[in-house]
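As structure tokens, the structure follows; a few thoughts come after it.
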Amino acid sequence: MRFKKHQLQNKNSLDALLEQIGTSKYVLLGEASHGTHEYYTWRAEISKRLITEKGFDFICVEGDWPDCFKINQWIKNFSNSKKNSVDVLKSFKRWPTWMWANWEIAAFAQWLRQHNENLEHEKQVGFYGLDLYSLWDSMDAIINFLEKEDPETARHAKKAIDCFEPYKARDSYASVRGDYSCKEEVISLLQEVRKKVPTYKGDREAGLNAEINSMVMKNAEKYYRAMASFGDETWNIRDSHMVDALKVIKKHHGPDSKVIVWAHNTHIGDARATDMLSHGLHNIGQLIREEFHEDGVFLVGFGSYEGSVIAGDQWGSEMQTMRVPEAITGSFEYTLHQESAENKLLIFENEKPDSVFCNSTIGHRAIGVVYDPNWEKGNYVPSRICDRYDAFLHFEKTRALHPLHVSPDEFKTPETYPFGI
């Protein structure tokens, strides 16, 4: 395998990437952090071109289903809402709020709404969350919906939800020891909802909304039981859920539909090309490649040499703008910087190896919502880059994301694109 290198200057620099994506139905776009401006804006630009030039049908993101479904409803103007995208995104309350409630997403959501404005419903582009952290919100959403649409199933849902009461108390014996299970109740509910989805005639996509919320209940119960029992299966449970949710959404859009996925590199890059493999872990990129390779799967990683990022110093803490130090010597990002101090697009091809990125394992930076710049050496994932991705966008210097949940006096609305469009 070898790679081709292109300068990354403006949206026209993406021509080679779009050409290489070709007829792929699955395009997965990563990020090296959840708080970097350039990752969001360039993913948005790639997504716009995939939608307008290649007919992609929907976007799935590493976000909670109930919150992201609000964006989906707004960009499709389900309720003739006169709110703007900022109003919708400010309702995102769960930490880390900045991950989706930011000016960059607000600008992209506005573009999606304008794109959808004159299209028939079946042709409108959707925006959906794949994650399973929204257990209690999903419970509320499914009860509120079913009470209006299907009172009989609503009674079944309430019984299933009653089963979760022990999990609300953090110090409960059942929660800590994992002795209590709601498995049968939630699986039964999910089966009933799936059976009745075609009969639901409420809001558009009401059946899809009910089905995914039921899936969240099922898999979040499994996830939290594993977490409470100090198991090491939580990662696989979460990524498997995200893939299962994606498949349900794709089925809703039809067998020929095309999907864009936004998630962290650790979810997008094929786990088999990292040390995750030796720990028995899989991720979205691996699972999608394994199951849908005949439909065309294209994985795109993102990274930078230095800059700044929005993150917290511990889970649930106040968000901060933190410095991202220069990449450590010998890392993937350091090597790209040493070759040429410029933004660049790398496209990997199935030909004779000619690069250290393809012939060996190299450290590749990964920054989470919790970050400590002083522990930089611990933020690198050993990777075979050419096997992990099909393409990679490298930025020399990045800047922090622009969150919405700040006082209006702290800063003005930022320019949300790096190349003035």
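Below, each value reflects all heavy atoms present in this structure, side chains not excepted, and no hydrogens, waters or symmetry copies. The structure presented is a predicted model; accordingly, all values stated were derived computationally and were not measured.
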Asp270: which of Arg384, Arg388, Arg289 passes side-chain hydrogen bond (donor to acceptor under 3.5 Å, both in side chains): Arg289
Side chain Lys250, main chain Pro255, donor-acceptor under 3.5 Å: yes
From CZ (Phe302) to CZ (Phe392), nearest 0.5 Å: 9.0 Å
Aromatic contact, His34 with Trp262 (centres under 6.0 Å): no
Separation of Asn283 CG from Asp239 CG (nearest 0.5 Å): 5.5 Å
Pairing of Arg365 and Glu376 as salt bridge, 4.0 angstrom limit: yes
Residue pair Ser304 / Tyr39, side-chain donor-acceptor N/O under 3.5 Å: yes
Any donor-acceptor pair under 3.5 Å from Gln124 side chain to Asn116 backbone: yes
Donor-acceptor pair between His364 and Tyr389 side chains, under 3.5 angstrom: yes
Flag for His394-Asn343: side-chain donor and acceptor within less than 3.5 Å: no
Near-ring test Tyr128/His253, centroid separation under 6.0 angstrom: yes
Side-chain H-bond candidate by donor/acceptor type, Gln314 with Tyr371, under 3.5 Å: no
Stepwise side chain to side chain contact (heavy atoms under 4.5 Å, CB included) test for Leu346 and Leu336: CA-CA 10 Å; Leu346 279 62; Leu336 288 175; 3.8 Å; yes
Pair Asp67 + Arg94: basic N to acidic O under 4.0 Å: no
Ionic contact status for Arg238 with Glu62, cut-off 4.0 Å: yes
Note: Lys123-Asp57 ion pair, threshold 4.0 Å (strictly below): no
Any residue meeting salt bridge (Lys or Arg N to Asp or Glu O under 4.0 Å) with Arg49, in chain and number order, not counting sequence neighbours: Asp15, Glu53
